[in-house]
Protein chains: 2
Amino acid sequence: MGGLRRTPRTAADDGAERTERQVPAALAHRVPDLGALELLLAVARLGSLGGAARELGITQPAASSRIRSMERQLGLALVDRSPRGSRLTDAGALVTDWARRVVEAAEAFDAGTQALRDRRDSRLRVAASMTIAEYLLPGWLIALRGHRPDTAVSLLAGNSATVAERLLAGEADLGFVEGVSVPAGLDSVVIAHDRLIVVAAPAHPWARRRRPLDAAELAATPLILREKGSGTRQVLDAALGGLARPLIELSSTTAVKAAAVSGAGPAVLSELAVGDELTLRRLVTVPVEGVALRRALRAVWPAGHRPAGPARELLSLTRSGGG
Amino acid sequence: MGGLRRTPRTAADDGAERTERQVPAALAHRVPDLGALELLLAVARLGSLGGAARELGITQPAASSRIRSMERQLGLALVDRSPRGSRLTDAGALVTDWARRVVEAAEAFDAGTQALRDRRDSRLRVAASMTIAEYLLPGWLIALRGHRPDTAVSLLAGNSATVAERLLAGEADLGFVEGVSVPAGLDSVVIAHDRLIVVAAPAHPWARRRRPLDAAELAATPLILREKGSGTRQVLDAALGGLARPLIELSSTTAVKAAAVSGAGPAVLSELAVGDELTLRRLVTVPVEGVALRRALRAVWPAGHRPAGPARELLSLTRSGGG
DNA sequence: ATCAGGGCATAAGCTGGATTTATGGGCGGG
DNA sequence: CCCGCCCATAAATCCAGCTTATGCCCTGAT
């Protein structure tokens with residue numbers, strides 16, 4: 001039914017010599033598409049298939065059929081239909097909760113890509129460091145959309161220097177940086193804090209360590225690190241007195257995570273970046289003491305030009321946020 | 001193009017009297033489907049369209065066309081093609097990071113629904129309280145799948161009493177509960193901790209509160225709560241001495257969140273449940289002091305029957321996890 | 001120099017899933 | 001007792017994505 005429609009030719013031909021993948025079929029074949037998940041959320045909220053259909057701008061039979069095929073695909077009864085409405089089954093309630101998380105991630109994706117696209121004619125131009133753009137900004141944009149639905153936002157992501165440059169050139173209205181120091185010519189306010197943590201693959205000796213690492217041990221061990229100049233690296237170098245020894249230097253958080261997961265060595269990363277890896281136990285935190293790995297996340301703007309209008313709105317959404 | 005194909009008839013007919021929705025078009029029309037996102041991740045990892053196509057079991061032209069149409073849909077150049085491979089553009093790297101979060105949520109969805117479906121013939125039968133089933137278990141299942149790909153797991157979600165019942169009836173091998181006490185006849189181990197937090201809509205007076213609430217104030221104020229008998233409610237009642245005053249009682253975490261977001265009043269919820277609402281600032285935490293709102297999450301099993309085989313495996317994955 | 005190989009693009013044909021319109025059957029309130 | 005809301009089924013349509021079949025580009029080896 002919902003599975004592979006036909007054995008793809010490539011798989012049939014060289015299946016013998018190909019190494020078997022962990023995931024036998026693509027995820028997309030086992031997970032309903034976003035439209036179906038959205039529909040399910042609407043049904044849960046409104047208590048009726050027809051109502052959900054109206055909200056999404058499709059007809060009632062379309063909604064009915066789509067829910068039904070989702071139930072077939074999952075092999076689960078999700079909604080109890082009755083002549084006076086539809087309610088979620090127990091399984092349906094749980095599935096809907098998981099679906100909600102997928103949809104929320106998709107909303108963040110949407111908000112992010114939209115900002116990346118709207119480079120021109122936008123009312124609010126934001127420049128942000130990579131970590132903030134990656135992990136925090138989409139959520140802020142969704143919140144902003146909730147308060148001011150018609151504010152088009154554009155996003156430029158880069159390092160602290162780029163952010164400062166754009167702000168000073170008048171090409172951005174508000175910036176976000178995570179470094180240790182505020183670039184010259186900018187005013188700032190701390191909006192949140194973030195901690196760097198030491199992580200290692202579960203098989204690494206440090207993963208079983210009880211006694212916290214101290215600065216000397218950390219400085220003496222070669223680590224998987226972001227490149228010099230990144231916000232993360234700056235903080236670490238400052239905390240250790242410029243001594244961090246790189247095992248490898250990589251240019252993205254993702255690459256650092258991947259290297260650490262593969263067991264190449266311990267890494268230092270923002271706690272924002274490793275949530276999933278920790279809960280999946282692909283990485284383990286290594287306790288550390290006596291090292292100042294907390295860092296401030298700051299909103300910045302050209303000195304003297306207090307944010308106004310949409311920029312002020314966004315700023316107020318971010319302050320005292322998470323972290 | 002990717003947008004609305006045609007104005008749906010319902011929208012054309014009664015658009016005038018319908019209240020305008022926040023979201024003008026369905027999310028699914030603005031976000032590439034999961035297959036495309038998976039493909040993008042594969043391209044990022046492998047550095048070639050053809051390689052990604054092979055990994056997903058499709059042909060190279062299909063991958064090429066799909067990436068291209070995703071770029072058109074998003075209005076962004078995501079990959080730099082060259083005669084010797086493809087690399088992500090700067091925008092592409094950011095988009096890929098956001099895409100990864102969508103795919104991870106989809107993986108959790110898949111792991112969860114699969115466990116819900118595999119009720120029969122599974123090698124490991126898990127019973128879990130709602131909160132754990134909702135927020136933690138899918139991640140554990142993904143991790144377990146990584147270590148033991150062929151372990152079929154079935155999930156039964158319920159309250160603490162149900163979990164105990166199933167374990168004692170031999171219908172489940174391992175359970176997870178979040179209550180204050182361990183049900184009779186079960187052995188247990190604490191695998192993590194969770195805190196209950198008091199939240200309110202940003203417009204609520206408590207949202208601006210600096211001085212922490214104390215137990216007396218909390219007990220004196222009507223709160224949005226889960227029903228009596230839920231793990232959350234048990235902990236709160238115990239912490240306040242059985243005094244929690246309900247403003248409304250609702251039967252799911254989701255319903256409690258929705259009520260709190262809508263401004264009906266303050267609510268008490270697990271911190272696991274409100275991550276997104278806090279970062280989106282739809283809810284704000286209210287500081288509390290002198291109330292023991294920390295609770296243990298426990299793995300449980302029939303007294304004397306130490307988990308073995310797959311159950312032991314899963315248990316070891318969950319211990320010293322997050323929290 | 002030349003050729004093989006990996007990588008990407010374009011074109012044409014096919015298929016399946018999702019949608020729409022049209023219609024029918026249950027249940028409950030005025 | 002009938003009207004309204006809700007859901008299901010049936011038939012026709014349409015589009016998005018897939019496959020096969022080629023062609024071009026670049027690189028590195030012979």
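FYI, side chains are in, hydrogens and waters are out, and symmetry mates aren't considered; it's all heavy atoms of this structure.
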Notebook entry, point to check: How many angstroms lie between NE2 in H29(A) and CG in L34(B), if you round to the nearest 0.5 Å?
Noted result: 11.0 Å

Notebook entry, point to check: Is K257(A) salt-bridged to E134(A), cutoff N-O under 4.0 Å?
Noted result: no

Next item on the list: Could you check how far CZ of R66(A) sits from P of dC7(D), rounded to whole Å?
Entry: 17 Å

Next item on the list: Measure the distance from CD1 on I58(B) to P on dT20(D) and round it to the nearest whole Å.
Entry: 12 Å

Next item on the list: Output the distance between atom CZ (R101(B)) and atom OH (Y135(A)), rounded to the nearest 0.5 Å.
Entry: 6.0 Å

Next item on the list: Between dC18(D), dT19(C), dA21(D), spot the one nearest the side chain of A62(A), thanks.
Entry: dT19(C)

Check: Whole-Å distance between dA9(C) C1' and I67(B) CD1?
Finding: 14 Å

Margin query: Distance check needed: dG17(C) C1' versus L39(A) CG, whole Å only.
Written below: 15 Å

Notebook entry, point to check: For S64(A) and dA8(D), is the shortest distance between a side-chain N/O and OP1 or OP2 below 4.0 Å?
Noted result: yes

Tabulate below the donor-acceptor pairs under 3.5 Å that side-chain atoms of residues 61-68 of chain B make, not counting sequence neighbours, or state none.
from, atom 1, to, atom 2, distance (Å)
R66(B), NH2, D33(B), OD1, 2.5
R66(B), NH2, D33(B), OD2, 3.0

Provide a list of protein-nucleic acid N or O atom pairs under 3.5 angstrom, restricted to nucleotides 3-7 of chain C.
from, atom 1, to, atom 2, distance (Å)
dG7(C), O4', P83(B), O, 3.3

Margin query: Using only atom types and a distance under 3.5 Å, with no angle test, would you say the side chain of R117(A) pairs donor to acceptor with the backbone of L74(B)?
Written below: yes

Item checked: Under-4.0 Å side-chain N/O to phosphate OP1/OP2 contact, T59(B) with dT19(D) -> yes

Notebook entry, point to check: Whole-Å distance between dC7(D) P and L46(A) CG?
Noted result: 11 Å

Margin query: Between C1' on dC8(C) and CG on L78(B), what's the gap in Å once rounded to a whole number?
Written below: 16 Å

Note to self: Around atom CZ of R81(B), are there more than 12 heavy atoms from other residues, nucleotides or ligands closer than 6.0 Å?
What the structure shows: yes

Note to self: Taking the nucleotide of DNA chain D with the nearest heavy atom to each, does S65(A) or S65(B) sit closer to the 5' end?
What the structure shows: S65(A)

Next item on the list: Take atom CG of D80(A) and atom C1' of dC27(C), then tell me their distance rounded to the nearest Å.
Entry: 16 Å

Checklist line | d(CG, D33(A); C1', dC15(D)) in whole Å | finding: 14 Å

Check: Sequence neighbours excluded, which residues qualify as side chain to side chain contact (heavy atoms under 4.5 Å, CB included) partners of L250(B)?
Finding: I224(B), I248(B), A255(B), V256(B), A259(B)

Margin query: Is the phosphate of dC6(D) approached by R81(A) (side-chain N or O, under 4.0 Å from OP1 or OP2)?
Written below: no

